[in-house]
Visitor: 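I have a structure here, written as structure tokens, and I will follow up with some questions on it.
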Amino acid sequence: MSHAISQYKYKEKNGERMSDDRVQADIRKYALQNAVFFKGTANPKAVVGKILGENPEYRARSSELASLVESIVSEVNSMGLDMQAKALQEIDPALAVKEKKERVYELPELKGAENGVTARIAPGPSGPLHIGHTRVSVLNDEYVKRYGGKLTARFEDTNPEKIEPDAYDMISEDLDWLGVKIHDKVIQSDRFEIYYDHTRELIEKGKGYVCTCAADSWRLLKEETRACPCRDLPLPTQLERYDRLLSGGYGDGEAVAVIKTDIAHPNPALRDFVALRIVSHPHPLKGSKYCAYPMMNLSVAIDDHLMGMTHVIRGKDHLNNTFKQEYIFDYFGWKKPQYFHYGLVNIPDAVLKTSLIKEGIRNGDYTGWDDVRTGTVRAMGRRGIRPEAVRRYWVECGMKAVDVQFSWDNLYGMNRDVIDGTSNRYFFVPDPVRYDIEGIDSLEGKAPLHPDHPERGYREYFLDGSKTVFISEADSKTFSEAKKIRLKDLCNLDYATPAKYAGNDVSVLKSGVRAVQWTSRKSVGAELLMPDGSILKGLAEDALIAEKGDTVQFERIGFARIESKTDGIRAVFSHR
Ligand code: GLU
């Protein structure tokens, strides 16, 4: 041992003596490990990091520790890789195995969140959530969980024409599935009086008016930075009109309550905006109780204030809304939440539009909100996409303001990481073609339920009698062309009628023989619902009946979620 080591003495701390030997042994262990992982040369910094990570109490003496590490590392580095590996094996063979690093998915820090986050997700109950909606839900939930606080689900149902009565419950279920923790639920249609009172106050403050102009002419005037004649009518007239607006004195489109901004605002989208409008369409929850309906910017601003939102995290498409809502905050002198706008996501190849799905369900094109051809959260769940994967996807996407293209392949990759370990392997043979095998009395084979988990056991095969197997139509074609095929985990076959047993030498694969999945007579009827709505019909091995897991991997086909086992197997394809 070198001089530096013998000089290094730990003092007693908290009455407990830290042993010299233990530290030195640890340093040597990690130095050897680091050296073995990095072609014979350990990095002292990495070793110090590892020691400090495990023994934070050494932090106070880090320079002392560093010089000790330095000297042990230089000794280890002079040993040569073979000796290092041998020495490491002697200490603990497990140390020589590189740990698979679990990838950490984490959002950037959130400004102003030190004392907790009060946030909301504000879905419109026009249908259940789709994959696009999950981003706002996950981001808000992640931050509330990280910093503590409160997350409210606020159902923004102020457009009676766009409400699907079942959506309130469906959205709650979807959030639950996603693992989003909701602390409070609020329905905006329960709060109309609050919005009415605040609008009245704004009118009284001279910040609002009731406009009875035709919508088009009001808009045209704004484009020319000109006020409509209603804008400057005296307050008593405004209030009279306002009472009339609330009490049903105007028909659809005949009057609106408007919030004043700056009629000459350089951004035309921000020049005065509508706060309340007349809608005669009955509200699914409130019937015809109200005729004046708040527009989003009014109800959102008031609720965000009254519910004490500290952070509003939403997409960049809400940027102009934020500016409008800030006018309301300013008129009342309210403290504003911190606003964050992440970039837009383009989700290709997905049916997301609620109205289209609804229409499809109505006319029988779709089987329901969980139709696998749609991009709803329900469809994802049905296909065996796990909420963890969806969450990882959005956390990795983060809060950046740049617009992004959604990648199904990335989501599937993340889902594969989540379900691979728990998905046992089985054979599923679509469009089965029968072969009888001759040339041997009986056949035996076995395949692990999961190649990484031998402890889970095996699917064991025993075939005698006519030794009937089924392979897929596509593989049957290959068999007839190539004249040879391998039944995975069972045997090789030569093409003939009946097929001829050709030994069990796996090395035929090296010469290009294809190994295919197969089933025997002991198989069960199975159907695999594909993402395009088509159904692969075939046979699955009977061991699948006893499978407890939610998802499996059909070898050579892909992952699938088992949807039902009564009357054969019904599975839904996830991804490859
Ligand atoms: N209800 C709005 C929407 O679904 C969200 C409002 C908000 O986040 O401020 O687009």
Side-chain angles (χ1 to χ4, degrees), residues 110 117-144 150-164 167-168 170-172 174-175 178 180 182 184-192 194-195 198 259 269-270 273-277 279 283-285 293-329 334 336-347 352-355 357-358 375-377 394 399 401:
L110 187 66
V117 171
T118 304
R120 79 308 195 277
I121 38 186
S126 57
L129 300 184
H130 63 60
I131 183 80
H133 297 124
T134 58
R135 186 177 188 185
V136 78
S137 315
V138 169
L139 291 177
N140 280 285
D141 180 57
E142 283 283 328
Y143 280 127
V144 171
K150 180 174 171 182
L151 183 61
T152 296
R154 193 168 69 208
F155 293 90
E156 305 210 324
D157 58 346
T158 61
N159 181 356
E161 281 156 293
K162 282 212 176 142
I163 297 172
E164 164 68 35
Y168 299 86
M170 289 196 286
I171 290 170
S172 296
D174 292 343
L175 291 171
L178 252 188
V180 169
I182 297 296
D184 193 16
K185 279 185 200 170
V186 172
I187 296 180
Q188 282 192 325
S189 60
D190 289 339
R191 302 167 57 82
F192 277 20
I194 297 173
Y195 311 131
H198 282 83
I259 306 296
L270 301 187
F273 61 90
V274 175
L276 294 167
R277 63 181 182 137
V279 184
H283 189 284
L285 300 190
Y293 280 80
M295 298 296 280
M296 177 178 71
N297 285 308
L298 178 82
S299 44
V300 163
I302 294 169
D303 281 348
D304 282 348
H305 166 70
L306 294 179
M307 296 171 191
M309 295 304 157
T310 59
H311 295 76
V312 170
I313 298 168
R314 57 189 175 193
K316 220 161 70 179
D317 48 329
H318 282 291
L319 205 52
N320 278 343
N321 293 328
T322 298
F323 295 136
K324 292 178 190 174
Q325 291 161 24
E326 284 181 320
Y327 275 99
I328 297 179
F329 274 83
W334 294 334
K336 288 170 213 163
Q338 305 237 24
Y339 291 101
F340 298 86
H341 302 93
Y342 54 77
L344 307 184
V345 201
N346 177 38
I347 305 181
L352 302 177
K353 222 170 178 298
T354 308
S355 52
I357 303 174
K358 198 168 160 174
T376 61
V377 161
W394 294 125
M399 294 276 284

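Every heavy atom of this structure was used, including side-chain atoms; hydrogens, water molecules and symmetry mates were not. Start at 1 and go down the list; that is how both ligands and their atoms are numbered.
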Visitor: Would you check the N or O atoms of Glu156, main chain and side chain alike, for any that come under 3.5 Å of an N or O of ligand 1?
Guide: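 Yes - when backbone and side-chain N and O of Glu156 are compared with those of ligand 1, one distance drops under 3.5 Å.
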
Visitor: Check each atom of ligand 1 against the heavy atoms of Met296 and keep those under 4.0 Å away; list them by number with element.
Guide: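 Going through ligand 1 atom by atom, the ones under 4.0 Å from Met296 are 2 (C), 6 (C).
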
Visitor: Hey, are the side chains of Arg154 and Glu156 touching, using non-hydrogen atoms and a 4.5 Å cut-off?
Guide: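 They are in contact (side-chain heavy atoms under 4.5 Å apart), so the answer is yes.
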
Visitor: Check if Gln325 has a non-hydrogen atom at a distance under 4.0 Å from any atom of ligand 1.
Guide: no

Visitor: Which of the atoms in ligand 1, numbered in the order shown and given with their element, are less than 4.0 Å from a heavy-atom of Val300?
Guide: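 By the 4.0 Å cutoff, the relevant atoms are 9 (O).
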
Visitor: Polar contacts were defined as any N/O atom of the residue lying under 3.5 Å from an N/O atom of the ligand; does this apply to Ala122 and ligand 1?
Guide: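 Yes; the residue has a nitrogen or oxygen that sits under 3.5 Å from a nitrogen or oxygen of the ligand.
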
Visitor: For His318, counting its heavy atoms only, list the atoms of ligand 1 lying under 4.0 Å from any of them.
Guide: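 Result: 5 (C), 6 (C), 10 (O).
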
Visitor: Check whether Asp157 reaches the backbone of Pro125 with its side chain - one donor and one acceptor, N or O, closer than 3.5 Å.
Guide: no

Visitor: Measure from the ring center of His198 to the ring center of Trp334 and say whether it is less than 6.0 Å.
Guide: yes

Visitor: Are any side-chain N or O atoms of Lys316 and backbone N or O atoms of Ala401, one a donor and one an acceptor, separated by less than 3.5 Å?
Guide: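 Yes, because the side chain of Lys316 sits within donor-acceptor range (under 3.5 Å) of the backbone of Ala401.
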
Visitor: Give the atom numbers and elements of ligand 1 that come within less than 4.0 Å of a heavy atom of Arg120.
Guide: 7 (C), 8 (O), 9 (O)

Visitor: Which protein non-hydrogen atom lies closest to atom 9 (O) of ligand 1, naming both residue and atom, and how far is it?
Guide: Arg314 NH1, 2.4 Å

Visitor: Can you check whether Phe192 and Tyr293 have ring centres sitting under 6.0 Å from each other?
Guide: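 That pair passes the under 6.0 Å test.
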
Visitor: With distance as the sole criterion, is a donor-acceptor pair present between the side chains of Asn140 and Arg135 under 3.5 Å?
Guide: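 Their side chains do not contain a donor-acceptor pair, so the 3.5 Å distance test is not met.
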
